There are 2 protein chains.
Amino acid sequence: MRLSSLADYAVVIMSAAARHCGGVARLNATTLAEETGVPLPTAQKLVSRLAAAGLLESARGQGGGFRLSRPPSAIDLAEVIEAVEGPIALTTCVDEARHDCALDGSCRVKPHWAIVNRAVRGALAGVTLAQLAQAAPVHGGQQTKIVEIA
Amino acid sequence: MRLSSLADYAVVIMSAAARHCGGVARLNATTLAEETGVPLPTAQKLVSRLAAAGLLESARGQGGGFRLSRPPSAIDLAEVIEAVEGPIALTTCVDEARHDCALDGSCRVKPHWAIVNRAVRGALAGVTLAQLAQAAPVHGGQQTKIVEIA
DNA sequence: CTGCAATCCGAACGATACGGTCCGATTAGC
DNA sequence: GCTAATCGGACCGTATCGTTCGGATTGCAG
């Protein structure tokens, strides 16, 4: 139940890019790396994947760089994570592209995983880059609540 | 964002144990392995960890085995997963036992992770073994919803 | 038009952690 | 007191992740 380091860094980078959204200037990988503290080679790999997923627009050559393809309020955590890690699937049986669950047929729990998976993904999809770009979260008590489940 | 196979199997095993909760008879690792389809050695490793976490009560020697330490309705997914994988911490900076985040100090995103982490954990804590032991989930539309977030 | 410099893109290497297997320690029954 | 069945911990192979490196592409200056 741990996020990969790459996904963690990707969120940090996207958040930094969202903060510079006012200026139309493109941000290159070097600048993003310096600003966030992420190692440069790793940052390069990440912006590549994020661009391939359509979350960033890339421009090559001198003066090139990256820019958010959408407003920060229209990009959520789930998208960023899926761009780096692939589809959010807690178990292999949820991932429709793979049918290699050893138990499969007789597994009585399988039907429930889809619901749990949706709940977790929903928790991530509920947070946008715009919220992450804000200075600090509100500390006034519990902000998150699951109302119904399964 | 993928659950480890061990955690997946642990949920399946605990769910099977919950289904046999009526009888007071203990279940040994072999029986649970046969019933769930989980490889025996792996099942042994899992029940050991689950017992160490206090979710199962173990009895050694001939005629021994395992039993749920609490009613199925009082054990949730988060507990099972944490027993196998350790604390649920999406990022290293959420895990209070570790302070080895390379970015740390200047990271602007860090404060938000705690909230996201709580939301994900809440989604898992909302599902009990009693619900998993039921035959099948209700398919009547979307059952899960995040009302407020960060 | 040509050369240069900056940037993005894909492939190979090493390390960490997971998953699976085996053997020893312990306990209840005979 | 012995036997047998079961739990508990240690070892090893494997796969994925994370990092690093070199090549291809593009825009600007001369």
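So that the names make sense, note that chain A is the first sequence line, chain B the second, and so on, each numbered from 1. Keep in mind that what you see is a predicted model, and the values were worked out from it rather than measured.
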Rounded to the Å, how far apart are [X] [atom1] and [N] [atom2]?
X       : N      : atom1 : atom2 : result
B:Leu40 : C:dC22 : CG    : P     : 11 Å
B:Leu27 : D:dC7  : CG    : P     : 10 Å
B:Leu6  : D:dT16 : CG    : P     : 15 Å
A:Arg26 : D:dT26 : CZ    : C1'   : 13 Å
A:Leu56 : C:dC8  : CG    : P     : 11 Å
B:Met1  : D:dT16 : CE    : C1'   : 17 Å
A:Gln62 : D:dA29 : CD    : P     : 7 Å
A:Ile13 : C:dC8  : CD1   : C1'   : 14 Å

Of the candidate nucleotides [options], which contains the atom at the shortest distance from the side chain of [X]?
X       : options               : value
B:Tyr9  : C:dC8, C:dG20, C:dG19 : C:dG20
A:Ser5  : C:dA25, C:dC9, D:dG18 : D:dG18
A:Ser58 : C:dC9, D:dC17, D:dC7  : C:dC9

**Message:** Both B:Glu85 and B:Pro41 contact DNA chain C. Which one's nearest nucleotide lies toward the 5' end?
**Reply:**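 Of the two residues, B:Glu85 wins.
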**Item:** Which residue lies more 5' along DNA chain C, comparing B:Ala7 with A:Thr30 via nearest heavy atoms
**Value:** A:Thr30
**Request:** Check each residue of residues 42-53 of chain A for a non-hydrogen atom within less than 4.0 Å of any atom in DNA chain D, then write out the ones that pass by number, or none.
**Result:**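 A:Thr42, A:Lys45, in order of number.
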**Prompt:** Does the pair A:Met14 and A:Leu56 meet the rule for a side-chain contact (heavy atoms from CB on, under 4.5 Å), with working shown?
**Reply:** CA-CA 9 Å; A:Met14 289 294 280; A:Leu56 290 178; 3.9 Å; yes
Can you confirm whether [X] sits close enough to [Y] that some side-chain heavy atom of one is under 4.5 Å from a side-chain heavy atom of the other?
X        : Y        : result
A:Val120 : B:Met1   : yes
B:Leu3   : A:Trp113 : yes
B:Arg121 : B:Glu82  : yes
B:His112 : B:Ile115 : no

**Prompt:** In a check of side-chain contact (heavy atoms from CB on, under 4.5 Å) between A:Leu46 and each of A:Ile13, A:Val11, A:Val12, which one passes?
**Reply:**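 The residue from A:Ile13, A:Val11, A:Val12 that satisfies side-chain contact (heavy atoms from CB on, under 4.5 Å) with A:Leu46 turns out to be A:Ile13.
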**Fill in**
Interatomic distance, OG@B:Ser48 vs CZ@B:Phe66, rounded to 0.5 Å, equals 5.5 Å
**Asked** Is the shortest side-chain N/O distance from B:Ser4 to OP1 or OP2 of C:dG19 below 4.0 Å?
**Response**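 Yes, because at least one side-chain N or O of B:Ser4 sits under 4.0 Å from OP1 or OP2 of C:dG19.
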